[in-house]
2 protein chains.
Amino acid sequence: MNGDDDFDLQDFLPYLLNQAAEESSLAFQQIYKDRYGMLRTEWRVLFHLGLYGRMTAREIGRMSKMHKTKISRAVAKLAERRFLTRRRDVDDRRLEYLELTAAGQRAYRDLRGVAMAYDANLAAQFSPRDVATLKRMLQALAGGAE
Amino acid sequence: MNGDDDFDLQDFLPYLLNQAAEESSLAFQQIYKDRYGMLRTEWRVLFHLGLYGRMTAREIGRMSKMHKTKISRAVAKLAERRFLTRRRDVDDRRLEYLELTAAGQRAYRDLRGVAMAYDANLAAQFSPRDVATLKRMLQALAGGAE
DNA sequence: TGTTAACGGTTGTTTTTGTAACTAACAAGG
DNA sequence: CCTTGTTAGTTACAAAAACAACCGTTAACA
């Protein structure tokens with residue numbers, strides 16, 4: 001309609017990635033929200049602790065690239081719901097070790113199962129080879145300037 | 001660290017897509033924010049109008065999957081900055097046709113140029129073939145239940 | 001026609017996020 | 001020791017998003 005070069009929003013990677021990300025996480029989001037009243041940030045912290053065991057907020061931040069304020073608030077909510085415990089490092093009292101409680105682990109394992117099935121289902125519409133390509137490329141794009 | 005099946009956050013598509021989307025749009029976001037003080041919603045509306053010409057808020061909503069309140073507010077801001085004009089449909093007075101002004105078109109063309117260069121730069125790290133595969137898959141994932 | 005429902009769009013209110021400033025603790029150099 | 005700087009994490013406040021209720025208009029149909 002306009003004095004165009006050829007440009008299409010559907011080909012613009014940041015837009016396309018956003019659309020795909022939003023659409024593909026919609027139903028999963030619904031599950032952890034309905035089942036545990038969690039936010040995306042909380043779900044992410046839960047998964048980091050479930051997957052990697054005890055770690056500090058700082059480490060979660062480095063791995064997930066979430067801002068520390070988001071993590072702080074997510075941790076506060078998870079602690080309040082008794083999904084994790086906090087323990088100060090005795091040598092460096094700025095550090096706080098976070099660890100899932102039994103209840104937290106149950107929630108994690110439950111959602112991990114959901115996530116695995118969910119992911120398999122998303123991938124099922126493509127060839128395994130293409131899925132591998134997709135994930136490799138996404139990892140490269142997510143890596144940023146590293 | 002935990003009683004795991006093999007599961008990796010870096011392989012979970014909704015997470016991975018989100019990370020890639022966020023990282024890949026960071027620098028672009030900076031540009032339209034710095035240059036025109038726009039929000040993502042405003043940028044999107046601008047691009048829809050620039051790309052497809054005159055359309056209503058409802059049509060933008062259908063194409064972009066943005067919620068109508070977001071669109072309404074984005075349109076209000078763009079109108080206030082004289083980037084678009086609104087005109088009621090005489091036959092159905094609920095409808096309002098939106099159209100870019102000359103200033104709006106200039107902003108659109110400027111940002112479209114930035115976007116094209118930006119996208120090319122992102123794609124440059126992969127083979128053209130892989131980029132094609134990626135975009136095709138993202139479009140499928142973004143398509144949702146259609 | 002009159003009534004009810006649906007639609008396009010806006011507004012108000014609540015949640016959630018982003019940003020900056022802050023506290024408490026440690027580290028390094030003088 | 002005592003500044004000065006840095007770090008881990010929290011808090012306060014502003015910006016933005018989500019959600020629901022709303023207005024005016026059109027559609028459906030008794």
Side-chain angles (χ1 to χ4, degrees), chain A residues 18-19 21-23 25-27 29-30 32-34 36-46 48-49 54-81 84-99, chain B residues 18-19 21-23 25-27 29-30 32-34 36-46 48-49 54-81 84-99:
Chain A
N18 231 307
Q19 298 278 107
E22 213 151 289
E23 181 62 39
S25 62
L26 216 68
Q29 184 166 65
Q30 209 51 50
Y32 62 70
K33 188 183 152 202
D34 288 353
Y36 299 99
M38 279 188 196
L39 254 31
R40 198 167 62 213
T41 50
E42 294 160 34
W43 165 83
R44 284 187 182 184
V45 167
L46 183 83
H48 275 83
L49 292 172
R54 193 182 70 168
M55 56 199 300
T56 67
R58 179 177 175 278
E59 290 170 320
I60 296 175
R62 233 183 337 92
M63 299 194 64
S64 68
K65 291 179 181 161
M66 279 191 279
H67 191 83
K68 59 183 184 170
T69 61
K70 269 190 186 175
I71 297 172
S72 175
R73 293 198 253 246
V75 165
K77 263 212 180 136
L78 290 171
E80 182 188 308
R81 287 169 201 181
L84 62 76
T85 57
R86 331 165 77 138
R87 211 179 70 225
R88 286 260 163 236
D89 184 337
V90 282
D91 292 329
D92 184 343
R93 305 217 338 275
R94 290 171 301 185
L95 297 178
E96 203 169 42
Y97 292 111
L98 307 170
E99 194 166 15
Chain B
N18 231 308
Q19 298 276 108
E22 213 152 290
E23 181 63 39
S25 61
L26 215 68
Q29 184 166 65
Q30 207 52 50
Y32 62 70
K33 189 182 152 202
D34 287 355
Y36 298 99
M38 280 188 196
L39 255 29
R40 197 166 65 212
T41 49
E42 293 159 36
W43 165 83
R44 285 188 183 182
V45 168
L46 183 83
H48 275 83
L49 293 173
R54 191 181 70 170
M55 54 198 301
T56 67
R58 178 178 175 278
E59 291 171 317
I60 296 176
R62 233 183 339 91
M63 299 195 63
S64 68
K65 291 179 181 162
M66 280 192 280
H67 191 83
K68 59 184 184 173
T69 61
K70 269 188 185 176
I71 296 172
S72 174
R73 284 172 167 131
V75 166
K77 263 212 181 135
L78 290 172
E80 181 188 310
R81 287 171 200 180
L84 61 77
T85 56
R86 331 165 78 140
R87 211 179 71 226
R88 286 260 163 237
D89 183 337
V90 281
D91 293 327
D92 184 343
R93 308 221 331 279
R94 291 171 300 183
L95 297 177
E96 204 169 42
Y97 292 110
L98 307 170
E99 194 164 16

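Interatomic distance, B:M55 CE to B:L49 CG, rounded to the nearest 0.5 Å: 6.5 Å. Interatomic distance, B:I71 CD1 to B:L78 CG, rounded to the nearest 0.5 Å: 11.5 Å. One distance of note links CE of B:M66 with OG of B:S72; it measures 11.5 Å at 0.5 Å rounding. Between atom OH of residue B:Y32 and atom CG of residue B:L46 there is a gap of 11.5 Å, rounded to the nearest 0.5 Å.
Between B:Y97 and the options B:D89, B:T85, B:T56, a side-chain hydrogen bond (donor to acceptor under 3.5 Å, both in side chains) holds for only B:D89. Screening B:R44, B:E42, B:M38 against B:R40 for a side chain to side chain contact (heavy atoms under 4.5 Å, CB included) leaves a single residue, B:R44.
Rounded to whole Å, atom P of D:dT6 lies 18 Å from atom CG of A:L95. Atom CG of B:D89 and atom C1' of D:dA27 are 15 Å apart (whole Å). Following rounding to the nearest Å, A:M66 (CE) and D:dG9 (P) show an atom-to-atom distance of 13 Å. Look at NZ on A:K70: it is 10 Å from P on C:dT19, rounded to the nearest Å. In this structure, CG of B:L78 is placed 16 Å from C1' of C:dG9, rounded to the nearest angstrom. Look at CZ on B:R44: it is 13 Å from C1' on D:dA17, rounded to the nearest Å. B:Q29 places its CD atom 9 Å from the P atom of C:dG18, with the value rounded to the nearest Å. At whole-Å resolution of the value, CZ in B:R87 and P in C:dG9 are 14 Å apart.
Which of D:dT10, D:dA18, C:dT19 sits closest to the side chain of A:E96 comes down to D:dT10. Listed nucleotides: D:dA18, D:dT10, C:dT19. Nearest to the side chain of A:K68: D:dT10. Among the nucleotides D:dT25, C:dG18, D:dA16, the one closest to the side chain of B:K77 is D:dA16. Which of D:dT7, C:dT17, D:dT26 sits closest to the side chain of B:R93 comes down to D:dT26. Each of C:dT10, D:dC19, D:dG24 was ranked by its minimum atom distance to the side chain of B:R94; first place goes to D:dG24. Which of C:dG9, C:dG12, C:dT17 sits closest to the side chain of B:T56 comes down to C:dG9. The listed nucleotides are D:dA18, D:dT10, D:dT11; the one nearest the side chain of A:R86 is D:dT10.
Within the 4.0 angstrom heavy-atom criterion, only backbone atoms of the sugar-phosphate kind lie near A:L39; the bases stay farther away. Among the heavy atoms of the strands, none lies under 4.0 Å from A:R40. Counting any heavy atom pair closer than 4.0 Å across all strands shown, A:D91 reaches sugar-phosphate atoms only and no base atom. Among the atoms of the strands shown, base atoms are found under 4.0 Å from some heavy atom of A:T69.
The base of C:dG18 sits with one of its N or O atoms less than 3.5 Å from a complementary donor or acceptor on the side chain of A:R73.
Between B:D92 and B:H67, the residue whose closest nucleotide on DNA chain D is further toward the 5' end is B:H67.
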